[in-house]
K.L.:
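Please read through the structure below; I'll follow up with questions.
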Amino acid sequence: MSRLFRESRRDSSSSNGSSAAAAATASTGGLPSPFPDLGVPLSAADLREAAYEVLVASSRTTGGKPLTYIPQAAASAGGGGGPASPASASSLSSANASSSPSLQRSLTSAAASKMKKALGLRSSASSKGGSPGSGGGGKSVPPRRPATVGELMRVQMRVSEPADARIRRGLLRIAASQLGRRAESMVLPLEFLQQFKASDIPDPQEYEAWQSRNLKLLEAGLLVHPLVPLNKSDVSAQRLRQIIRGAYDRPLETGKNSESMQVLRSAVMSLAGRSDDGTSDGCHWADGFPLNLHLYQMLVEACFDNDDGTVVDEIDEVMELLKKTWGILGINQMLHNLCFAWALFNHFVMSGQVDIELLSAAENQLAEVAKDAKTTKDPNYSKVLSSTLSSIMGWTEKRLLAYHETFNTSNIESMQGIVSIGVSAARVLVEDISHEYRRRRKEETDVARSRIETYIRSSLRTAFAQRMEEADSKRSSRNPTPVLSILAKDIGDLAIKEKNLYSPILKTWHPLASGVAVATLHSCFGNELKQFIAGLTELTPDTVQVLKAADKLEKDLVNIAVEDSVDSDDGGKSLIREMPPYEAENAIANLVKVWIKERIDRLKGWVDRTLKQETWNPAANRENIAPSCVEMLRMVGETLDAFFQLPIPMHPVLLPDLMFGLDRSLQLFVSKAKSGCGTRNSFMPQLPPLTRCEVGSNILFKKKEKPQNPQYRGSQNGTTNGSDPLALPQLCVRLNTLQFVRGELENLEKKIKTGLRNVESAQADVTDGLDIKFELCQTACQEGIQQLCETTAYKVTFYDLGHVLWDILYIGDIASSRIEILLRELDPILETISGMVHNKVRNRAITALMKATFDGFLLVLLAGGPLRAFTRQDSQIIEDDFKALKDLFLADGDGLPEELVDKASSQVKNVLPLLRTDSESLIDRFKRMMAESNRSGAKNRLPLPPTTGHWSPNEPNTVLRVLCYRYDETATKFLKKTYNLPKKI
């Protein structure tokens with residue numbers, strides 16, 4: 001529909017007949033002529049002189065009155081009389097030639113131009129000086145103004161006085177010889193050739209140029225661009241071509257009685273007399289397209305002052321004269337409107353785009369052209385209309401497609417008119433000329449809105465690219481701000497400028513001008529941001545700065561779009577859909593998550609490496625904790641500090657991710673700290689097979705016989721090898737370490753809450769609703785402390801003190817192998833635990849040790865192996881020993897709480913009465929319990945009850961074991977008869 005074109009200066013010697021006004025404004029270029037090339041080498045000066053000849057000839061008064069010739073010297077005297085009434089601005093007066101003012105009518109400045117007023121132009125007469133002849137008394141006398149319309153036209157068309165005199169003299173001769181003949185019935189170039197011989201023009205070169213011009217006019221009007229197309233076999237056309245071609249080699253002999261002129265006349269008149277309807281109503285030599293337009297455009301240029309390019313004050317009189325040429329040139333009102341609109345616009349361009357009045361006048365005149373376009377389908381008119389409007393539109397679009405470069409606060413007033421003209425031209429081209437538009441006319445098409453949207457998007461893309469280059473140049477060592485941060489600010493400023501300066505103008509044609517603009521900027525910046533985000537691998541201060549700037553820009557652009565579309569049909573939804581979120585916050589969040597993962601992975605790797613080398617040395621520090629624990633918590637604190645120092649707006653949102661990662665890392669540390677220590681079951685001995693006592697033997701006195709059980713042996717007494725990671729001091733360090741971690745979790749949680757309140761995006765209730773707890777680590781610490789307490793207790797009891805339990809306690813003579821040796825071994829162990837373990841877990845550790853020793857004591861009684869045998873009388877000693885064991889942990893009120901000791905000793909206390917019970921009663925109890933459990937398959941054969949480890953006087957296996965270690969005949973016989981138990985392993 002439209003095209004861009006190259007702006008060029010107008011050359012007065014161009015062969016396509018460009019406007020003569022360009023020669024007077026050499027410093028300012030106009031537009032190329034929109035009319036097709038003539039194909040004949042006629043210069044602008046040639047066309048101007050020919051047009052002037054047509055003007056003078058057509059301005060003769062009709063009837064028998066001769067054409068008066070007033071030379072320049074006489075013209076200075078001026079003519080009197082008041083001014084005639086000016087013609088209408090929108091169309092020339094339709095009065096006939098006899099009532100029109102002549103070339104000799106005098107000019108005055110008394111009345112303002114009606115046409116100027118209609119076009120919105122101010123009269124400039126006052127600025128040019130007074131009326132003719134009023135020299136004034138000033139020091140500088142203004143240039144003398146032409147006294148008549150004829151003189152004004154001669155001056156405006158740059159016709160010299162000699163040439164003017166020759167033209168008038170020729171016309172007088174023609175009038176004298178052809179009295180009453182109308183100008184429309186003459187072929188002026190032919191008539192002038194016949195009136196003047198070489199002797200009439202003293203300068204040979206001037207004569208040759210004059211003759212050549214007239215012949216070229218005949219060639220252009222009769223051969224190249226005739227009104228009625230020629231037949232190839234037309235004899236007159238062939239003869240005329242031969243004459244013109246011959247004249248190029250040897251000048252034609254002109255004059256009335258010349259033979260060559262007679263031949264020329266015959267050929268010319270034959271061609272000029274042809275018409276569309278076959279009637280000979282005049283001569284057609286200058287009304288063929290586009291010669292007529294080139295000639296008429298020269299006449300239209302006379303409407304503009306040669307010095308400043310403004311419309312002359314005498315425009316009404318000039319227009320009346322121009323209309324007199326319409327008959328000869330084949331011009332009508334529509335062609336005149338088009339030519340004049342073009343001239344007005346072209347002179348605005350030539351003014352350097354500063355004469356806003358010319359722009360406004362062109363806009364008004366183009367409105368008339370738009371009306372005309374809807375009333376005719378003439379192919380020639382449509383062709384020149386399309387060419388002219390395309391040229392105008394090309395010039396406007398070149399500026400509007402980059403209006404940010406074209407317009408600023410100093411020239412913004414011209415933008416309204418330029419946009420209006422560009423849109424009007426586009427409308428005519430699309431709605432009145434485009435065949436495609438006519439085929440699709442049923443569809444809703446808003447040409448103006450479409451063009452404005454194109455201008456906005458194109459201009460803002462161009463402006464965006466320029467801002468990109470500027471942003472890149474602004475970044476330096478002194479200004480290390482990231483390019484996209486600079487660009488985001490510049491684009492925000494550009495959006496404000498667009499909204500305040502350009503959108504108010506563009507809204508005339510597009511109600512959502514601001515919205516379209518910011519949507520375009522949003523898209524442009526979004527493309528750059530997308531590439532930026534795609535290349536990100538880590539979170540840096542520059543990255544965060546860019547993403548925050550992008551987020552702010554997006555909010556500003558969306559706000560403008562929403563404000564602009566409040567009154568639109570869809571409330572701006574279509575525009576918002578054009579602005580998919582940058583998701584800068586998501587990008588920041590993803591980068592922060594990567595940052596968190598890297599920190600957590602680094603922390604986990606550190607835990608794996610460090611704990612493999614950790615010795616749990618109690619001498620490492622006064623707190624008896626692992627140095628790795630202190631370092632671990634320091635690293636966690638530094639990670640939290642670094643997180644809260646990140647210049648991001650969503651700390652509360654991302655904190656759970658970091659918390660979870662740190663929680664898992666701390667959990668890993670706790671897990672590693674307790675790993676390899678085993679559990680209570682790791683140190684529980686495997687129970688020996690059941691046996692019966694050998695009554696009557698000296699078993700009670702065989703102290704030196706090597707015991708056959710249990711598995712664990714040792715000689716530790718609490719002062720263990722410092723290099724053993726499972727030695728008591730090392731286990732105490734592990735316990736303290738877990739307790740230290742658990743205690744520091746609360747401090748970390750407080751640190752997090754403080755960090756949240758101090759961040760940039762903090763709100764009063766920022767910590768409300770956030771579950772700031774290291775739950776995984778807290779649980780792991782609790783479980784780990786419990787596990788380590790049990791592990792330590794059972795390791796000490798069954799491994800470190802295993803030699804006491806299995807090799808000494810109650811071996812042989814009960815009275816000589818009592819509990820005292822175990823108590824002596826336990827005492828330094830309790831001192832070690834009390835001195836090393838943190839007070840918050842000390843009782844738990846000692847309680848676990850108490851339970852372990854109680855379990856060990858009970859195992860000696862119920863699973864001590866064949867070297868042990870007890871009589872009913874031994875029960876009192878055993879009960880006293882157990883009381884001494886309990887007293888060790890009570891420590892005369894300085895130890896564990898009595899309730900806790902009683903609760904832990906309940907199992908042993910429940911079992912001890914069985915040792916006092918006689919064997920018959922035990923056997924009856926056992927049989928009754930077995931019967932009640934329905935495990936008896938036969939009355940004389942009882943199945944062996946399974947070992948559950950839950951020792952109780954109501955549990956068959958417990959009673960059976962008491963019988964196994966009962967040193968009397970009844971028990972032995974029962975076990976022999978019922979289960980055939982051996983006496984030895």
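Remember, predicted model here, so these are calculated numbers, not experimental data.
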K.L.:
Is a side-chain N or O of D46 found less than 3.5 angstrom from the main chain of S43, in a donor-acceptor match?
P.N.:
yes
K.L.:
Please check this pair: side chain of K116 against backbone of V311, looking for a donor-acceptor N/O pair closer than 3.5 Å.
P.N.:
yes
K.L.:
Checking side-chain polar atoms at under 3.5 Å, does S420 have a donor or acceptor matched by the opposite partner on E363?
P.N.:
yes
K.L.:
From I418 CD1 over to F345 CZ, what is the distance, rounded to the nearest 0.5 angstrom?
P.N.:
6.5 Å
K.L.:
Would you check if Y52 and I167 make a side-chain contact, meaning some heavy-atom pair closer than 4.5 Å?
P.N.:
yes
K.L.:
For the backbone of D164 and the side chain of R154, can you confirm whether one donor and one acceptor N or O come within less than 3.5 Å of each other?
P.N.:
no
K.L.:
Might you point out which heavy atoms bring N346 and L31 nearest each other, and give the distance in Å?
P.N.:
OD1-N, 2.7 Å
K.L.:
Identify the heavy atoms of L359 and S414 that sit nearest to each other, and give their distance.
P.N.:
CD2-O, 3.3 Å
K.L.:
Using a 4.5 Å cut-off on heavy atoms from C-beta on, say whether the side chain of M186 contacts that of W285.
P.N.:
no
K.L.:
Can you tell me how far CD1 of I201 sits from CD of E208, rounded to the nearest 0.5 angstrom?
P.N.:
11.0 Å
K.L.:
So, H225 side chain and A286 main chain: donor-acceptor pair closer than 3.5 Å or not?
P.N.:
no
K.L.:
Taking the side chain as every heavy atom from C-beta outward, state whether T254 and D200 have any atom pair closer than 4.5 Å.
P.N.:
no
K.L.:
I'd like to know if the side chain of H284 reaches the main chain of S275, judged simply by a donor and an acceptor atom lying under 3.5 Å from each other, with no hydrogens or angles considered.
P.N.:
no
K.L.:
Measuring from atom CG of L152 to atom CD of E314, what distance do you get when rounded to the nearest 0.5 angstrom?
P.N.:
5.0 Å
K.L.:
Looking at D234 and S236, what are the two nearest heavy atoms and their distance?
P.N.:
OD1-N, 3.0 Å
K.L.:
Would the distance check show the side chain of S351 and the main-chain N or O of F348 forming a donor-acceptor pair, the cut-off being under 3.5 Å?
P.N.:
yes
K.L.:
So, do K383 and P290 sit near enough that their side-chain heavy atoms are less than 4.5 Å apart?
P.N.:
no
K.L.:
Please confirm whether the backbone N or O of E253 pairs with a side-chain atom of S260, one donor and one acceptor, at under 3.5 Å?
P.N.:
yes
K.L.:
Can a donor-acceptor pair be found, under 3.5 Å and without considering hydrogens, that links the side chain of D287 to the backbone of L227?
P.N.:
no
K.L.:
Side chains of Q333 and D372: closer than 4.5 Å at any heavy-atom pair?
P.N.:
no
K.L.:
Ion pair present between K324 and E184, side-chain N to carboxylate O less than 4.0 angstrom?
P.N.:
no
K.L.:
To check you understand the geometry: which heavy-atom pair defines the closest contact between P34 and S391, and what is its length?
P.N.:
CB-CB, 4.4 Å
K.L.:
Looking at every non-hydrogen atom in both residues, tell me the closest pair between A302 and M153 and how far apart they are.
P.N.:
CB-CE, 3.5 Å
K.L.:
Is there a donor-acceptor pair under 3.5 Å between the side chain of D305 and the backbone N or O of T310?
P.N.:
no
K.L.:
Should K371 and E368 be marked as a salt bridge (charged side-chain N to carboxylate O under 4.0 Å, His left out) after you check the CA-CA gap, both sets of side-chain angles, and the distance that decides it?
P.N.:
CA-CA 5 Å; K371 294 177 184 177; E368 297 298 320; 3.7 Å; yes
K.L.:
Are L190 and N214 side-chain neighbours, meaning at least one heavy-atom pair lies under 4.5 Å?
P.N.:
no
K.L.:
Determine, step by step, whether S266 and R239 satisfy the side-chain contact (heavy atoms from CB on, under 4.5 Å) criterion, reporting the C-alpha distance in whole Å, the side-chain angles of both residues, the deciding distance to 0.1 Å, and the verdict.
P.N.:
CA-CA 9 Å; S266 173; R239 187 181 308 122; 4.1 Å; yes
K.L.:
Can a donor-acceptor pair be found, under 3.5 Å and without considering hydrogens, that links the side chain of T388 to the backbone of L385?
P.N.:
no
K.L.:
Would you sort out whether I243 and L218 count as a side-chain contact (heavy atoms from CB on, under 4.5 Å), showing the intermediate values?
P.N.:
CA-CA 11 Å; I243 295 171; L218 292 175; over 6 Å; no
K.L.:
Atom CG in L222, atom CG in L230: separation rounded to 0.5 Å?
P.N.:
8.0 Å
K.L.:
Walk me through whether R173 and F196 qualify under side-chain contact (heavy atoms from CB on, under 4.5 Å).
P.N.:
CA-CA 10 Å; R173 292 177 181 178; F196 296 102; 3.6 Å; yes
K.L.:
Please lay out, stage by stage, how L299 and M157 fare under the test side-chain contact (heavy atoms from CB on, under 4.5 Å).
P.N.:
CA-CA 8 Å; L299 295 171; M157 298 187 72; 3.6 Å; yes
K.L.:
How long is the gap from CG on L121 to CD on E357, to the nearest 0.5 Å?
P.N.:
5.5 Å
K.L.:
Can you establish whether the number of heavy atoms outside Q238 located under 6.0 Å from its atom CD is more than 12?
P.N.:
yes
K.L.:
For a 4.5 angstrom cut-off between non-hydrogen side-chain atoms, does N337 reach L366?
P.N.:
no
K.L.:
Show the nearest heavy-atom pair for residues E49 and A163, with the distance to one decimal.
P.N.:
OE2-CB, 4.0 Å
K.L.:
Over 60° means perpendicular and under 30° means parallel, so classify the ring planes of F304 and H347, tilted if in between.
P.N.:
parallel
K.L.:
Would you call P189 and L215 a side-chain contact if the rule is heavy atoms closer than 4.5 Å?
P.N.:
no
K.L.:
Measure the CD-CG distance between E301 and N306 for me, rounded to the nearest 0.5 Å.
P.N.:
9.5 Å
